[in-house]
2 protein chains.
Amino acid sequence: MDLKDGPRDPGANPGVPRRRLPPKERREQIVEGAVAFFAEVGLDGNTRELAQRLGVTQSLLFNYFDTKEALIEAVYARVYLDRLSPDWPDRLTDRTIPLRQRLLDFYTEYSSLIFERHWMRIFMFSGLAGAALNHRYLEHLGEVILRPLLAETKALSGDAADITMEDIWNLHGGIVYIGIRQHIYRMPAPENPEEAITRAIDKYLTFFQIGSDA
Amino acid sequence: MDLKDGPRDPGANPGVPRRRLPPKERREQIVEGAVAFFAEVGLDGNTRELAQRLGVTQSLLFNYFDTKEALIEAVYARVYLDRLSPDWPDRLTDRTIPLRQRLLDFYTEYSSLIFERHWMRIFMFSGLAGAALNHRYLEHLGEVILRPLLAETKALSGDAADITMEDIWNLHGGIVYIGIRQHIYRMPAPENPEEAITRAIDKYLTFFQIGSDA
DNA sequence: CGCGCTATTGATCATCTGCTCATTACTATT
DNA sequence: AATAGTAATGAGCAGATGATCAATAGCGCG
């Protein structure tokens, strides 16, 4: 099978818009493709295969990124950034809205953002690799989302049970685990997780004796 | 730095018992080392570095395993096998013991088995790689542990709430997430997770209106 | 003690992989 | 239509990596 048409086989990807994109666009395309590629095969995936999927030469990648490492950093940035909307801290502490509703709103939106194969897998790969961004993300999540949630819960709970961060992490982990099952382990999981999320939240609130009206 | 003593530098690992082990023992040592090594650096870790850590030549590895793939299979087997004690199905359904106690017993023992860095990381790496054993393990867990737990809970719960497998997975995920935070993300987590596990179980039982005596 | 078996080694191969760079050819501009 | 600027290519290097195999040397046995 010796293709002779067009510029010599740019990666067996016929029908894809050809060469000479504006640099910004090309860079964008590469990052996009790299996210999908590395999410699938892991961060050790090789640049030749990535290039082939993009329908582009491998050397082109190094016109846009000095090293593979730099490309992976761009992938991290793409995947991690803007995943936590900055207005959540305010919305989660808005006591004009029942806590249950705030929790439902947050986890419904958050899960729709992160229960996505590319994100889940890049996050896990980078976590296993000990990437600094992973640590920072989790610390940020803890401080900006979970710790305020602890305060909100404490404010409403009878102080019989002294709630700790571990209780919040348990709520969070139980929900996130849905996405892990689905995208990391590729096991069946509810395609629409809203009901499971609702149950998790109600289980949480019930234990800390918070009525659904509070 | 040219070592001249002993058989030529077997990997800069002085003081370690030397050469010519009985094959069974050597094989054991290699698998053990491979578990630790791959758990740390991932399944793409290279055989030369592994050999060096073992204080052994790289070629020796291929006397015991035909391919790197075969070695990794041995690692999987070592890590996955005997992780789920076969008597748990019986113990979890032993209604002479309160369900709360059964759950506490199970998750205390189970967490002490799996909240271990090597296991957690190999499990995650193999899950991401789509290893068949990973699937089988999770299906097995679901059928042999979690599904019976669903039945036990249903038997005791007021049938107001219809419990589903998702509720069980939520309990399970919330607990397992402790180990994920600790060993995958290397974030701080309670060194003794028993209290968090107890809370998770009580939260679960409370929601389904099961008294601590049942 | 000497010998034979075999666990272990060291050198080496073929391929893979990140990366470089001189050359090519697409496209905007005139 | 000709040209200049540069996006993209393709050949190729150096080092890494899985795997092979003949040679070596530790150890049990007579």
Side-chain angles (χ1 to χ4, degrees), chain A residues 2-14 16-34 37-38 41-75 129, chain B residues 2-14 16-34 37-38 41-75 129:
Chain A
D2 229 12
L3 317 188
K4 280 245 170 71
D5 50 336
R8 290 193 202 76
D9 179 14
N13 214 337
V16 168
R18 285 288 165 168
R19 315 199 312 181
R20 208 159 183 102
L21 296 191
K24 211 166 180 175
E25 230 173 283
R26 179 66 81 187
R27 188 190 180 87
E28 178 65 16
Q29 184 209 45
I30 290 175
V31 173
E32 193 72 25
F37 176 68
F38 289 128
V41 308
L43 302 173
D44 290 312
N46 66 65
T47 54
R48 270 168 240 270
E49 198 181 333
L50 167 58
Q52 187 175 323
R53 293 203 194 188
L54 288 166
V56 142
T57 8
Q58 184 235 11
S59 60
L60 183 66
L61 304 179
F62 292 92
N63 282 9
Y64 289 86
F65 301 92
D66 283 347
T67 64
K68 183 187 172 187
E69 176 99 2
L71 172 56
I72 287 179
E73 288 299 323
V75 166
Chain B
D2 228 13
L3 318 187
K4 278 245 170 75
D5 50 335
R8 289 190 202 79
D9 181 11
N13 214 337
V16 168
R18 285 288 165 169
R19 317 202 307 186
R20 207 156 181 104
L21 295 191
K24 211 164 181 176
E25 228 173 285
R26 178 68 78 189
R27 188 189 181 89
E28 179 64 18
Q29 184 210 45
I30 291 175
V31 173
E32 193 72 24
F37 176 67
F38 289 127
V41 307
L43 302 174
D44 290 312
N46 67 66
T47 53
R48 270 169 239 270
E49 197 181 335
L50 167 58
Q52 187 174 325
R53 292 204 195 189
L54 288 165
V56 143
T57 3
Q58 182 238 9
S59 60
L60 184 65
L61 304 179
F62 292 91
N63 281 9
Y64 289 87
F65 302 92
D66 282 348
T67 64
K68 184 189 173 185
E69 176 99 3
L71 173 56
I72 288 178
E73 287 299 324
V75 166

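Throughout, a chain's letter reflects where its sequence line sits, starting with A, and its residues are numbered from 1.
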Next on the checklist: Within the 4.0 Å heavy-atom criterion, would you say Tyr64(A) contacts the bases, only the backbone, or no part of the nucleic acid?
Outcome noted: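 Here Tyr64(A) touches the backbone only, sparing every base.
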Next on the checklist: Within the 4.0 Å heavy-atom criterion, would you say Pro23(A) contacts the bases, only the backbone, or no part of the nucleic acid?
Outcome noted: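 Answer is sugar-phosphate: Pro23(A) comes under 4.0 Å of backbone atoms only.
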Could you list the protein-to-nucleotides 16-20 of chain C atom pairs, N/O on both sides, closer than 3.5 Å?
| unit_1 | atom_1 | unit_2 | atom_2 | d |
| --- | --- | --- | --- | --- |
| dT17(C) | OP1 | Asn46(A) | ND2 | 3.3 |
| dT17(C) | OP2 | Asn46(A) | ND2 | 3.1 |
| dG18(C) | OP1 | Lys68(A) | NZ | 3.1 |
| dG18(C) | OP2 | Thr47(A) | N | 2.9 |
| dG18(C) | OP2 | Thr47(A) | OG1 | 2.8 |
| dG18(C) | N7 | Arg48(A) | NH2 | 2.7 |
| dG18(C) | N7 | Gln58(A) | NE2 | 3.4 |
| dG18(C) | O6 | Arg48(A) | NH2 | 2.7 |
| dC19(C) | OP2 | Lys68(A) | N | 2.5 |
| dC19(C) | N4 | Gln58(A) | OE1 | 2.3 |
| dC19(C) | N4 | Gln58(A) | NE2 | 3.3 |

Distance check needed: [N] [atom2] versus [X] [atom1], whole Å only.
X: Ile30(B); N: dT8(C); atom1: CD1; atom2: C1'; result: 11 Å
X: Glu49(B); N: dT17(D); atom1: CD; atom2: C1'; result: 12 Å
X: Gln52(B); N: dT8(C); atom1: CD; atom2: C1'; result: 17 Å
X: Phe65(B); N: dT8(C); atom1: CZ; atom2: P; result: 13 Å
X: Leu61(A); N: dC21(C); atom1: CG; atom2: C1'; result: 16 Å
X: Asn63(B); N: dA25(D); atom1: CG; atom2: P; result: 17 Å
X: Glu25(B); N: dC27(D); atom1: CD; atom2: P; result: 12 Å

Item to check | Divergence of helical axes at both termini of the helix from dC1(C)-dG30(D) to dT30(C)-dA1(D) - five pairs an end, 10° steps | outcome: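 Here the helix ends are tilted 10° relative to one another.
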Residues in side-chain contact (heavy atoms from CB on, under 4.5 Å) with [X], at least two apart?
X: Asn63(B); value: Leu60(B)
X: Phe65(B); value: Arg27(B), Ile30(B), Val31(B), Ala70(B), Leu71(B), Ala74(B)
X: Thr47(B); value: Gln58(B), Leu61(B), Phe62(B), Lys68(B)

Checklist entry - If you look at every heavy atom in Phe38(A) and Val75(A), which pair is closest and at what distance? => result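 Distance-wise, the nearest heavy atoms are CD1-CG2, 4.1 Å.
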Next on the checklist: Between Glu49(B) and Arg53(B), does the salt bridge (charged side-chain N to carboxylate O under 4.0 Å, His left out) criterion hold? Intermediate values first, please.
Outcome noted: CA-CA 6 Å; Glu49(B) 197 181 335; Arg53(B) 292 204 195 189; 3.2 Å; yes
Checklist entry - Quick one: which of dA25(D), dC26(C), dA8(D) gets closest to the side chain of Leu60(A)? => result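 Closest of the options to the side chain of Leu60(A): dA8(D).
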Next on the checklist: If you only use heavy atoms from C-beta on, which nucleotide in dA7(C), dA7(D), dT9(D) is closest to the side chain of Arg20(B)?
Outcome noted: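 In terms of side-chain proximity for Arg20(B), the closest of dA7(C), dA7(D), dT9(D) is dA7(C).
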Checklist entry - About how many Å separate CZ of Arg48(B) and CG of Leu50(B), when rounded to the nearest 0.5 Å? => result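 Going from CG on Leu50(B) over to CZ on Arg48(B), the span is 12.0 Å.
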Checklist entry - With Glu73(A), which residues qualify under salt bridge (charged side-chain N to carboxylate O under 4.0 Å, His left out), at least two apart? => result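 Glu73(A) satisfies salt bridge (charged side-chain N to carboxylate O under 4.0 Å, His left out) with no other residue.
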